[in-house]
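Some notes on the structure that comes next.
Since the model is a prediction, treat every value here as computed from it, not as a measurement.
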Amino acid sequence: MIVANLRNSRLVLGLTQKDVAKDLNVDDSTVSGWECGKDTIPMERIIQYARTYNFSLDYLFGLTDKREKIMDIALDLELIAMNLKTLRKEKNITQKDVATIINTSQSAYSQYEKANILINTSFLYNLVTYYKIESIDEFLTKPIEK
């Protein structure tokens with residue numbers, strides 16, 4: 001869904017891949033790779049894209065049809081880690097279970113919950129659908145209430 005919404009959002013704005021590449025300071029081929037699904041857009045870049053063009057992450061991830069609602073998102077690894085752990089514990093599943101759901105290793109997933117590395121965009125999308133998260137914008141900016 002991210003791939004379709006990236007392309008569609010660009011077309012709605014009447015922009016070319018070259019325009020986006022210039023605005024985000026990446027190569028044209030990088031934007032093309034994101035849009036065709038060959039490459040995964042990094043979290044930092046999708047947030048930059050959302051800010052630059054005033055789209056919510058919720059729209060870009062396909063959680064809403066409402067386009068314009070960008071929150072001020074500063075990637076806080078500790079907050080993301082805490083939210084990931086809270087969701088996992090609410091479901092009463094293991095890190096290994098989550099790793100299987102998002103198609104990665106348990107040790108890699110563990111690094112997300114320890115706030116050592118930022119979760120991959122496609123993994124976050126898989127978790128959004130699994131956990132039925134209503135807002136990625138809020139997931140990245142507010143603690144999940146237990």
Side-chain angles (χ1 to χ4, degrees), residues 1-88 90-91 95 97-145:
M1 196 58 136
I2 298 170
V3 171
N5 287 341
L6 276 177
R7 183 176 188 280
N8 291 340
S9 63
R10 176 180 59 78
L11 294 174
V12 163
L13 297 172
L15 298 172
T16 65
Q17 288 180 345
K18 265 189 195 298
D19 296 329
V20 172
K22 182 179 176 188
D23 290 344
L24 300 184
N25 197 29
V26 297
D27 291 335
D28 304 359
S29 62
T30 300
V31 176
S32 175
W34 295 338
E35 288 188 2
C36 74
K38 179 181 165 216
D39 301 313
T40 300
I41 185 170
M43 287 298 298
E44 296 91 341
R45 290 295 184 192
I46 199 165
I47 289 170
Q48 181 185 12
Y49 182 94
R51 281 187 189 133
T52 300
Y53 301 117
N54 200 30
F55 288 102
S56 69
L57 292 179
D58 295 340
Y59 174 78
L60 295 174
F61 274 77
L63 300 179
T64 183
D65 292 335
K66 187 176 178 187
R67 293 185 350 204
E68 302 178 66
K69 183 199 113 190
I70 185 65
M71 296 178 101
D72 186 23
I73 296 173
L75 291 171
D76 179 343
L77 290 179
E78 294 290 332
L79 175 64
I80 294 168
M82 182 180 67
N83 284 346
L84 288 171
K85 193 172 190 176
T86 298
L87 287 171
R88 180 177 59 78
E90 283 178 359
K91 283 275 193 185
Q95 286 184 346
D97 295 332
V98 177
T100 300
I101 291 163
I102 64 174
N103 197 27
T104 193
S105 68
Q106 184 274 327
S107 61
Y109 179 77
S110 168
Q111 296 303 305
Y112 303 142
E113 281 195 12
K114 290 179 182 175
N116 290 337
I117 56 175
L118 180 61
I119 191 165
N120 175 295
T121 310
S122 61
F123 293 164
L124 181 58
Y125 179 76
N126 290 342
L127 290 177
V128 163
T129 55
Y130 176 76
Y131 289 128
K132 295 178 178 52
I133 296 171
E134 293 181 19
S135 174
I136 290 179
D137 295 78
E138 289 184 14
F139 176 83
L140 295 174
T141 58
K142 298 177 182 175
I144 293 174
E145 295 181 19

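The two residues L6 and W34 come nearest to each other via the heavy atoms CD1-CB, 4.1 Å. Heavy atoms only, all atoms of each residue included: V98 and Y131 are closest at CG2-OH, 3.5 Å. Between I101 and Y130, the shortest heavy-atom distance links the atoms CD1-CZ, 3.4 Å. Of all heavy-atom pairs between E145 and E90, the closest is O-OE2, 3.7 Å. Nearest heavy atom pair, residue F61 against residue L124, reads CZ-CD2, 4.4 Å.
More than 12 heavy atoms of other residues, nucleotides or ligands shown are found within 6.0 angstrom of NZ on K91. The environment of CZ in R45 is crowded: more than 12 heavy-atom neighbours from other residues, nucleotides or ligands sit within 6.0 Å. Within 6.0 Å of CD on E134 lie no more than 12 heavy atoms contributed by other residues, nucleotides or ligands. Within a 6.0 Å radius of CG in D65, other residues, nucleotides and ligands contribute 12 heavy atoms or fewer.
For the pair S110 (side chain) and Q106 (backbone), a donor-acceptor distance under 3.5 Å is absent. The closest donor-acceptor contact from the side chain of R10 to the backbone of L15 lies under 3.5 Å.
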- Under the side-chain hydrogen bond (donor to acceptor under 3.5 Å, both in side chains) rule, what do D19 and T16 come out as? Steps first, then yes or no, please. CA-CA 5 Å; D19 296 329; T16 65; 3.1 Å; yes
- Item | Steps toward side-chain hydrogen bond (donor to acceptor under 3.5 Å, both in side chains) verdict (D58, T64) | CA-CA 6 Å; D58 295 340; T64 183; over 6 Å; no
- Chi angles and distances behind the side-chain hydrogen bond (donor to acceptor under 3.5 Å, both in side chains) call for S29, D27: CA-CA 5 Å; S29 62; D27 291 335; 4.6 Å; no
- Message: Assess the residue pair Y53 and L60 against the criterion (side chain to side chain contact (heavy atoms under 4.5 Å, CB included)); give the C-alpha distance rounded to whole Å, side-chain angles, the decisive distance to 0.1 Å, and a yes or no.
- Response: CA-CA 11 Å; Y53 301 117; L60 295 174; over 6 Å; no
- Might you work through the side-chain hydrogen bond (donor to acceptor under 3.5 Å, both in side chains) test for Y49 and S9, ending with a clear yes or no? CA-CA 10 Å; Y49 182 94; S9 63; 2.6 Å; yes
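Here the CE atom belonging to M43 is positioned 9.0 Å from the CG atom belonging to N120, to the nearest 0.5 angstrom. Residue K18 holds its NZ atom at 4.5 Å from CG of D28, rounded to the nearest 0.5 Å. If you take CD on E113 and NZ on K85, they are separated by 6.5 Å, rounding to the nearest 0.5 Å. The line from CG of L63 to OG of S56 is 8.0 Å long, rounded to the nearest 0.5 Å.
At a threshold of 4.5 Å between non-hydrogen side-chain atoms, the residues V31 and V26 count as touching. The side-chain heavy atoms of E44 and L118, taken from C-beta on, include a pair separated by under 4.5 Å. Residues D76 and T141 form no side-chain contact, since every pair of their non-hydrogen atoms from C-beta on lies 4.5 Å or further apart. Annotation: side chain of F139 is not in contact with side chain of L127 (no heavy-atom distance under 4.5 Å).
Results of the side chain to side chain contact (heavy atoms under 4.5 Å, CB included) test with T121 over L57, I136, I41 single out I41 as the only residue that passes.
Ring geometry for F55 versus Y59: interplanar angle under 30°, hence parallel rather than tilted (30 to 60°).
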